[in-house]
Every structure is written in C-alpha cells, then in structure tokens.
Enquirer: 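My structure is below; once you've seen it, I'll send some questions.
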There are 2 protein chains.
Amino acid sequence: MEADQDFAAILRDSGNRMTGPRRQVWEVVRLADSHLTAEEIAARVHAKDSTVNLASVYRALALFSDLELVRESNLGDGDAARWELAHPDEHFHLVCRRCGAVDHHVGRLVEEIREHLSGGHDFYAENIELVVTGLCQRCATISEQPIRP
Amino acid sequence: MEADQDFAAILRDSGNRMTGPRRQVWEVVRLADSHLTAEEIAARVHAKDSTVNLASVYRALALFSDLELVRESNLGDGDAARWELAHPDEHFHLVCRRCGAVDHHVGRLVEEIREHLSGGHDFYAENIELVVTGLCQRCATISEQPIRP
DNA sequence: CTCCTTGCAAACCGTTTGCAATCGA
DNA sequence: TCGATTGCAAACGGTTTGCAAGGAG
C-alpha cells in the first residue's frame, strides 16, 4: 500500500534500513486508534512478533521522530510518553485526573496559539504542547474521589 | 512577615505541622527568581541547612501542591519537573531546544485558552499546561547545532 | 505523650546505552 | 562484505517509599 512505500522511501532516502522491528512499529502507530505509550506499542508489536525488544521500539520511535513521522507527547507527571502519527492535525490532549482517560481534540486552538506567538516574542516556536487536565464528563458527574490517587 | 503567617496558618488549618524543612522549602520557592527543579530547591535549602534531605523536599512540594500553594510544570521528555508559586499569574513556558533555557511568559493567552475550552467541550478543565519548544533569540542567531542532543 | 514528619537507603519506572551477535543492502 | 541494527541486560535519573529515629503540638 502506498503509505508503506512512502515509509520505505523515507527510510531509504534518509540512509536508514528497512527492518522488521521498524516496519512493525510503524504499522502499529499508523493504525493506532489513539496515542499509545511505548509499552502499548511494544505489546501490539509483540502480538505479531514476540522477539521484538522494547528497546528497539524506543529506538524506532526516536528515529521516526527525527524523520518527523511521529510525534511524542508528554502528558505530565511520571506518566509514560505517548506517541502518535505526526500531525494528522494539530490538536491537544484532555487528561482526566480521575479515570486517567486521554482524549484528544482537534481544532483551531493550537493554530491560534501559534499565530499569537508569531508576533512580539523573541522566540521561534517550533512545537506547541497543550495539555489540559481536569474531569471528563462521566467522572465529573460521578464523584470527586480520585480513582488513581 | 505576613506571607509567613499565612503559610503557617494554612499548614495549621489543614492539619499539618510547621517544620524546618517545610519552612525552608517554602522560602526558597517563594523567593525564587524562576521555576526551579526539586534538585535546585534542595540545593538552595542545603545552603541554609545541609541536613535537609531531598526526599523531604519532594514531600514538602507534594504537600504544597495539594494545598495549592505551588504548581508543578512538566516541560517534556525526561526533564525534571519545575516548581513555582501557584498562580502569580497564568503563564506558559518557552523552552529552548538548543541551550535548554526555560523562559516564562505572562499574558492573556492561557486565559483565552480557558475561555475557549469553557464552551462546547464535554470536559471540565482545571489545569492548563502550555509548553512551547523552539529556539530562543540568541540560539536562533548562532547555530542550528543542538548543544544538548 | 502521640503520632506526624524526617533522614536514609533502597526500590521504582520509564527510558537509554554498551556490547556482541545478526541482518540488510 | 560490512556497517547499521538488534536483543539483551545493565545503567540511568528523577521520583517515591518503607522504616526506625526524631520532633511538633
């Protein structure tokens, strides 16, 4: 399929080799329903090939990040980083502090922030990370007691 | 001084004790010129009392965070968390990817984000963390080679 | 006198790294 | 062939925790 050819070409053109671990990590991230942690990605890769090591997943993700194929998000605290396809759309994350659910929201907000920053600040913004913590609809109606303290 | 009385009162009223480590961590954070890591806070506390342990600094910061006296910021990657007085003003962080400098910028932007979120989203926003990564003025003019790769 | 708080050291957890073996081009 | 890449296991760095000793109220 086309995306795979692109992927292979990007690897080749950047002087990197196409390998099993890389192909599988790419497939998982590409088909992911949401932002996954490295462990989650490794688990899904494992389902297809149990010999792939977690370290290789990290290395593949780091490479893809350099190639701007994927993007890393840090949602605060000691939580593990999340990985997603690079920029299907600029979006931000909504993290529920009670149930831990991570939602993402696409909209113009990040673009507006980028525009806001482009004037007046002595800073060249490249990456904008917006994380909103609070309560999701369901948790807000149920209780204030945190599930994960 | 008044702020210290407030501090003591807040501790007492919340059922916590006033102790040396807590007072000193509070002083450091209150007088800080910028957002400090736990290690930096510990170092400054150490200058006054070298018996205070890093673990106690973390425990004091966690307590102050619960009491909403301070606020934790995670600036991404494996970087250490930063701590600052809770809400002198809503602001966001500018992190230079080359020299690592962390600047903060006060303005209406975070308020605007909060307003934006208040309509339409099925989410009750409590905390907004905006981290902008890029190049500071100086690094942008010097080189593209990252100092810290 | 209580029991909250501390210092200490060890555990923890996500992530990174050194190394020899392996594999892609 | 030969260097890039991997699996493995150990290291790393920031943060947390169990525990006995110490200190606040």
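Naming: A, B, ... by sequence-line order, numbering from 1 per chain. As the structure is a prediction and not an experimental result, all values here were calculated from the model.
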Enquirer: Please report the distance, rounded to the nearest Å, between CG in B:Leu63 and C1' in C:dT6.
Expert: 14 Å

Enquirer: Decide yes or no for B:Arg82 and B:Leu75: does some side-chain heavy atom of the first lie under 4.5 Å from some side-chain heavy atom of the second?
Expert: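 Answer yes - side chains close enough.
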
Enquirer: Would you check if the distance from the ring center of A:His105 to the ring center of A:His91 is below 6.0 Å?
Expert: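 Here the rings of A:His91 and A:His105 have centres that are no less than 6.0 Å from each other.
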
Enquirer: When you measure from the side chain of B:Glu40 to the backbone N and O of B:Thr37, does any donor-acceptor pair fall under 3.5 Å?
Expert: yes

Enquirer: Contact class for A:Ala80 (heavy atom, under 4.0 Å): base, sugar-phosphate, or nothing?
Expert: sugar-phosphate

Enquirer: Give the table of side-chain donor-acceptor pairs shorter than 3.5 Å for residues 56-72 of chain A, with sequence neighbours excluded, one pair per line with atom names and distance.
Expert:
{"from": "A:Arg71", "atom 1": "NH1", "to": "A:Asn127", "atom 2": "OD1", "distance (Å)": "3.3"}
{"from": "A:Arg71", "atom 1": "NH2", "to": "A:Ile128", "atom 2": "O", "distance (Å)": "3.4"}

Enquirer: Check this one for me: any side-chain N or O of B:Thr19 less than 4.0 Å away from OP1 or OP2 of C:dT6?
Expert: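 For C:dT6, OP1/OP2 do have a side-chain N/O of B:Thr19 under 4.0 Å.
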
Enquirer: Salt-bridge test for B:Arg44 and B:Asp49: reply yes if a basic N is under 4.0 Å from a carboxylate O, no otherwise.
Expert: no

Enquirer: In whole Å, what is the span from the CZ atom of B:Arg23 to the C1' atom of C:dT5?
Expert: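 So the CZ-C1' distance, B:Arg23 to C:dT5, works out to 14 Å.
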
Enquirer: To the nearest Å, how far apart are B:Arg12 CZ and D:dA24 P?
Expert: 15 Å

Enquirer: Rounded off to whole Å, could you give me the CG-to-C1' distance for the A:Asn53 and D:dT5 pair?
Expert: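 Atom-to-atom, A:Asn53 to D:dT5, this comes out as 12 Å.
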
Enquirer: With a 4.0 Å limit, can you tell me whether B:Asn16 has a side-chain N or O closer than that to the phosphate oxygens OP1/OP2 of C:dC4?
Expert: no

Enquirer: With a 4.0 Å cutoff (strictly under), does any side-chain N or O of B:Tyr58 reach OP1 or OP2 of D:dT16?
Expert: no

Enquirer: Quick check on contacts: within residues 44-52 of chain B, what sits under 4.0 Å from DNA chain C by heavy-atom distance?
Expert: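 Heavy-atom contacts with DNA chain C come from B:Thr51, B:Val52.
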
Enquirer: Does OP1 or OP2 of D:dT5 have a side-chain N or O of A:Ser56 closer than 4.0 Å?
Expert: no

Enquirer: Reckon A:Arg22 touches a base, only the sugar-phosphate, or nothing at all at heavy-atom distances under 4.0 Å?
Expert: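 Sugar-phosphate contact only - A:Arg22 comes under 4.0 Å of backbone atoms but never of a base.
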
Enquirer: Is the closest basic N to carboxylate O distance between A:Arg114 and A:Glu126 below 4.0 Å?
Expert: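 No, A:Arg114 and A:Glu126 are not salt-bridged.
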
Enquirer: Tell me what A:Ala81 touches on the nucleic acid: a base, only sugar-phosphate, or nothing, going by heavy atoms under 4.0 Å.
Expert: sugar-phosphate

Enquirer: Is a salt bridge present between B:Glu115 and B:Arg108, judged by a nitrogen-to-oxygen distance below 4.0 Å?
Expert: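 A salt bridge is present here (some side-chain N lies under 4.0 Å from a carboxylate O).
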
